[in-house]
**Q** 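Below is a structure I'd like to ask you about.
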There are 2 protein chains.
Amino acid sequence: MNKPYQWLEARFNRLSQLAHFNHLANWDQATQMPSGGAAARGEAMAELSLIRHELLTATEVAEQLAMASGEALTAIQQANLRAMQRQYDLSVAVPGKLVRAKTQAAMAAENAWRQLRPANNWTEYAPILKNMVDLVREEADARVDYASKQNANITAGKAARYDQLIDLYEPGCSSAFIAPIFARLKQTLPALINQVSVRQASQPLMPLPTPLHAEKQFQLARGVSQKLGFDFERGRMDLSHHPFCGGVPDDIRITSRFDPNDLFDGLMSTIHETGHALYEAGLPKSLRGQPVGEAQSTGLHESQSLLFEMQLARTPEFVSFLQPQVEQNFGSHSAFASDNLYRHITRVSAGHIRVAADELTYPMHIILRYEIEQALMLEQIEVADIPALWDEKMQQYLGVATLGNDKDGCMQDVHWAAGEFGYFPTYTLGALYAAQLTASLRKTQPDFGAAIAQGDFGSIKHWLSQHVWQHGGRYTTEQIITMATGEPLNPDFFVNHLKRRYLDE
Amino acid sequence: MNKPYQWLEARFNRLSQLAHFNHLANWDQATQMPSGGAAARGEAMAELSLIRHELLTATEVAEQLAMASGEALTAIQQANLRAMQRQYDLSVAVPGKLVRAKTQAAMAAENAWRQLRPANNWTEYAPILKNMVDLVREEADARVDYASKQNANITAGKAARYDQLIDLYEPGCSSAFIAPIFARLKQTLPALINQVSVRQASQPLMPLPTPLHAEKQFQLARGVSQKLGFDFERGRMDLSHHPFCGGVPDDIRITSRFDPNDLFDGLMSTIHETGHALYEAGLPKSLRGQPVGEAQSTGLHESQSLLFEMQLARTPEFVSFLQPQVEQNFGSHSAFASDNLYRHITRVSAGHIRVAADELTYPMHIILRYEIEQALMLEQIEVADIPALWDEKMQQYLGVATLGNDKDGCMQDVHWAAGEFGYFPTYTLGALYAAQLTASLRKTQPDFGAAIAQGDFGSIKHWLSQHVWQHGGRYTTEQIITMATGEPLNPDFFVNHLKRRYLDE
Ligand SMILES: [Zn+2]
Ligand SMILES: [Zn+2]
């Protein structure tokens with residue numbers, strides 16, 4: 001007879017082994033699967049989800065969790081038990097019927113979105129989105145209800161909904177935590193964007209020669225990824241429509257896409273996904289297969305990708321490292337001069353599209369979405385109000401009008417159609433964590449820039465491994481940030497980073 | 001409360017959905033997976049096997065099987081129930097401990113084989129193979145024991161071992177069935193091989209120009225596969241070290257490999273795997289996910305690949321169809337004349353290697369293996385006796401000596417190291433089924449050759465679909481062959497086919 005904790009370890013290991021196939025199938029679906037295979041794959045994935053759900057929410061699991069809490073456990077085992085309890089709670093909080101309804105609605109809404117967005121068809125999209133918002137409100141209510149029974153500090157009601165959704169992606173985070181941080185950005189960034197735009201308007205930018213052969217771009221990006229530390233013995237890089245990072249720690253699969261008219265879109269996406277991949281590969285080997293061995297939060301994950309993409313790669317030193325490789329692949333050209341390349345990767349421009357935004361304007365796209373999804377959960381607004389509100393906020397935050405152009409406005413992202421509310425803030429939390437971590441990293445590494453210029457990322461990765469990756473899910477994100485940088489999240493680091501990079505302050 | 005049969009359908013559907021991930025992971029392993037991912041994949045696969053084993057052998061399954069046999073069921077449901085019972089019986093017959101020991105030994109032995117075969121190292125290989133033979137004897141004993149309790153016609157003892165192993169791949173088949181068939185081949189083929197060799201020695205064979213660009217060969221083979229009916233909306237073709245066909249009915253994945261010095265190796269492998277793929281794709285849609293919806297036997301599966309590769313593709317008419325495509329890809333060359341191409345694909349030559357053998361000598365390689373594995377199971381010989389026996393039989397059957405050259409002798413195949421005994425005969429059963437089916441097919445299709453020359457395989461596939469594919473596992477292989485051709489397996493069809501093709505008789 002196993003002790004309860006041992007029993008739970010075996011059960012969660014089984015769940016992790018099943019997740020292996022989930023990761024593989026998702027990667028395959030995005031990179032390899034023929035279109036005719038979609039229905040069979042969908043059925044197999046649904047059955048796999050159901051099996052995992054049954055294994056996770058079995059009565060035995062609740063019993064063993066209760067018994068294990070009385071066992072004498074090490075600190076790591078206790079952290080693992082908390083992570084197990086969290087996974088169990090998140091799974092049982094929502095009735096299976098609602099989960100299935102939401103999964104089906106998400107699949108239908110994503111398919112509809114793919115057709116209706118290019119057609120700019122808000123009229124047909126609105127009821128589909130409304131249906132999803134209703135389901136998400138219902139899900140959030142179920143979560144609030146469950147949580148309020150576990151935790152006396154949580155009062156049931158609409159006001160608690162949004163926090164339950166944020167917590168899915170960023171454990172322990174809440175709108176109370178986010179509000180002052182986003183307020184600071186909202187107060188600072190619009191003026192900063194104007195200043196930088198005026199300044200950059202006087203800086204000449206020479207267009208890069210095109211076309212830039214996509215296969216060569218792929219090889220260049222692959223080489224950069226390898227230099228950053230991606231291990232191609234334990235991973236792959238492929239093409240896909242949307243770049244992503246998937247797989248399992250010893251077989252991590254990143255994807256990117258390459259546009260012959262754009263040298264940096266595919267390259268920077270590759271660097272971004274490489275950051276995600278290095279975090280996954282750097283998670284503690286001894287805790288593999290257990291919840292405590294997983295990354296702590298979506299925002300912290302994003303901080304690692306943005307640390308590589310924004311903090312390391314968009315620097316003059318990284319351009320020194322990159323420039324000879326660009327010429328080696330695409331020949332000499334005056335537009336490939338280092339200062340011109342640097343201007344390309346640090347160009348700021350207020351636009352319609354979040355995924356195309358630079359690091360300065362990006363948070364404004366996020367704040368807008370954060371405010372709208374919060375208002376939706378509070379029922380202060382309804383789906384019908386979104387287009388006008390979107391336009392109003394875009395005009396206010398970025399000086400961009402979207403009325404009548406919903407495909408580049410409120411229809412541009414698939415997240416809401418997919419039922420993901422509470423996810424958007426993690427992008428900006430990630431950018432802020434990345435800036436704060438990099439500030440600490442720089443302090444301990446006097447030759448930070450010189451090492452990057454030489455393509456030597458060893459000591460940077462060593463620091464990240466020690467301060468972030470090796471912790472897995474043992475500490476909360478706030479604990480990890482505080483231990484690594486000496487203080488909890490502070491948006492000043494991000495603002496100072498922007499002022500230094502874009503205004504030489 | 002579901003009725004027992006319904007309950008079983010749901011259970012076997014779940015098993016089939018899990019098998020989806022098995023197929024995907026096997027394909028990925030052979031074509032995509034980085035080497036560093038092998039250990040994690042191995043663990044995940046082992047856990048998936050265990051889960052499937054638990055789901056299949058649960059006490060409830062036995063109870064529901066017993067209850068369902070009393071239900072009023074349609075003929076197809078009854079056939080499905082028999083197929084379910086068979087899967088259950090095969091799984092519970094062998095103790096889990098032995099299954100795991102054999103799986104581990106197989107993995108170790110396959111790895112050792114990869115090193116020891118190229119080194120021609122029989123001394124180190126022999127004890128590894130002996131260990132596996134011991135495990136297989138133990139497995140066979142467990143199966144005999146289980147079967148003798150179910151079936152009064154089976155008497156426990158060594159003599160029943162081999163039949164239990166054959167039955168794993170060819171349900172209902174036995175050495176009593178195979179013996180007279182192989183005797184006929186053994187009596188006929190050696191003389192036929194000599195006759196054909198003499199005849200072909202006087203026929204000039206012009207070597208094909210090389211190198212033949214591998215990527216162009218891939219595209220040519222892919223085009224041929226598509227023309228044969230492979231649907232690339234519901235499947236893929238990739239490269240792998242050993243050609244295979246995997247996946248699921250709506251997402252079938254074939255692989256091949258291409259040698260710049262050989263025009264036909266990769267092409268014929270592709271056609272072979274296409275035959276397997278068409279069978280899988282042609283299985284009845286309404287029975288998908290149920291045991292009765294699967295292919296009936298390994299030999300019948302092989303008959304479909306060989307029907308395409310040997311019966312259809314190695315004909316003058318197929319060469320007419322192929323020849324312009326060869327020139328289109330590789331330019332004009334006198335060696336690309338149709339009659340020269342035809343001589344290349346019908347060349348007979350007694351050699352050491354089974355997988356490189358032509359259709360005339362191939363059965364002799366199989367008969368040799370059949371006799372040795374049977375003798376091993378009867379304990380008439382031991383592993384130490386194999387090299388000398390191999391040499392003796394190769395000299396006798398094909399005039400080829402192998403003593404001291406074990407890498408091209410008894411170490412050439414991985415099957416035994418992998419614990420697969422009883423599999424080899426299905427290759428030749430497949431060739432015989434293919435010849436017999438093709439004889440019937442020709443009778444109903446007067447324009448058989450003309451259609452092939454035009455690359456029109458529609459009515460051939462229609463016939464195969466009606467007479468083989470659509471049956472799935474509803475009938476035994478013997479029933480399918482009898483219904484399709486009017487008589488049970490008769491080796492004369494194969495012998496006559498060879499005489500017609502190679503001696504113009
Ligand atoms: Zn990311
Ligand atoms: Zn085959």
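The analysis underlying the following values was restricted to heavy atoms, covering all of them including side chains, and did not include hydrogens, waters or symmetry mates. Keep in mind the model is a prediction, meaning the values are calculated, not measured. Here is the naming used below: chain letters follow the sequence lines, and residue numbers restart at 1 for every chain.
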**Q** Would you call R14(B) and E54(A) a salt bridge, taking side-chain N to carboxylate O under 4.0 Å as the test?
**A** yes
**Q** Would you mind telling me which of G247(B), P249(B), A40(B), A39(B) has the largest number of heavy-atom pairs within less than 4.5 Å of chain A?
**A** A40(B)
**Q** Is the number of heavy atoms from other residues, nucleotides or ligands under 6.0 Å of K461(A) NZ greater than 12?
**A** yes
**Q** Rounded to the nearest 0.5 Å, what's the gap from CG on L18(B) to CD1 on I51(A)? Could you check?
**A** 4.0 Å
**Q** Do you know which of D28(B), V248(B), D231(B) has the most heavy-atom pairs with chain A at a distance under 4.5 angstrom?
**A** D28(B)
**Q** Please determine, among Q32(A), Q17(A), M33(A), the option with the most heavy-atom pairs under 4.5 Å with chain B.
**A** Q32(A)
**Q** Please list, chain by chain and in numerical order, all residues satisfying side chain to side chain donor-acceptor pair (under 3.5 Å) with E9(A), sequence neighbours excluded.
**A** Y5(A)
**Q** Would you mind checking which part of R253(A) comes under 4.5 Å of any heavy atom in chain B, side chain (CB onward), backbone (N, CA, C, O), both or neither?
**A** side chain
**Q** Can you check whether F21(A) reaches H20(B) side chain to side chain, under 4.5 Å on heavy atoms?
**A** no
**Q** How many angstroms lie between CG in D250(B) and CD in E43(A), if you round to the nearest 0.5 Å?
**A** 9.0 Å
**Q** Looking only at heavy atoms, what is the nearest atom pair of D251(B) and G37(A), with distance?
**A** CB-CA, 3.9 Å
**Q** If you count heavy-atom pairs within less than 4.5 Å of chain B, which of L50(A), L24(A), L48(A) leads?
**A** L24(A)
**Q** What pair of heavy atoms forms the shortest contact from P34(A) to E233(B), and how long is it?
**A** CB-O, 3.4 Å
**Q** With a 4.5 angstrom heavy-atom cut-off, could you sort out which part of I252(B) is near chain A: side chain, backbone, both or neither?
**A** neither
**Q** Using non-hydrogen atoms and a limit below 4.5 Å, what part of residues 234-243 of chain B faces chain A?
**A** R234(B), G235(B), R236(B)
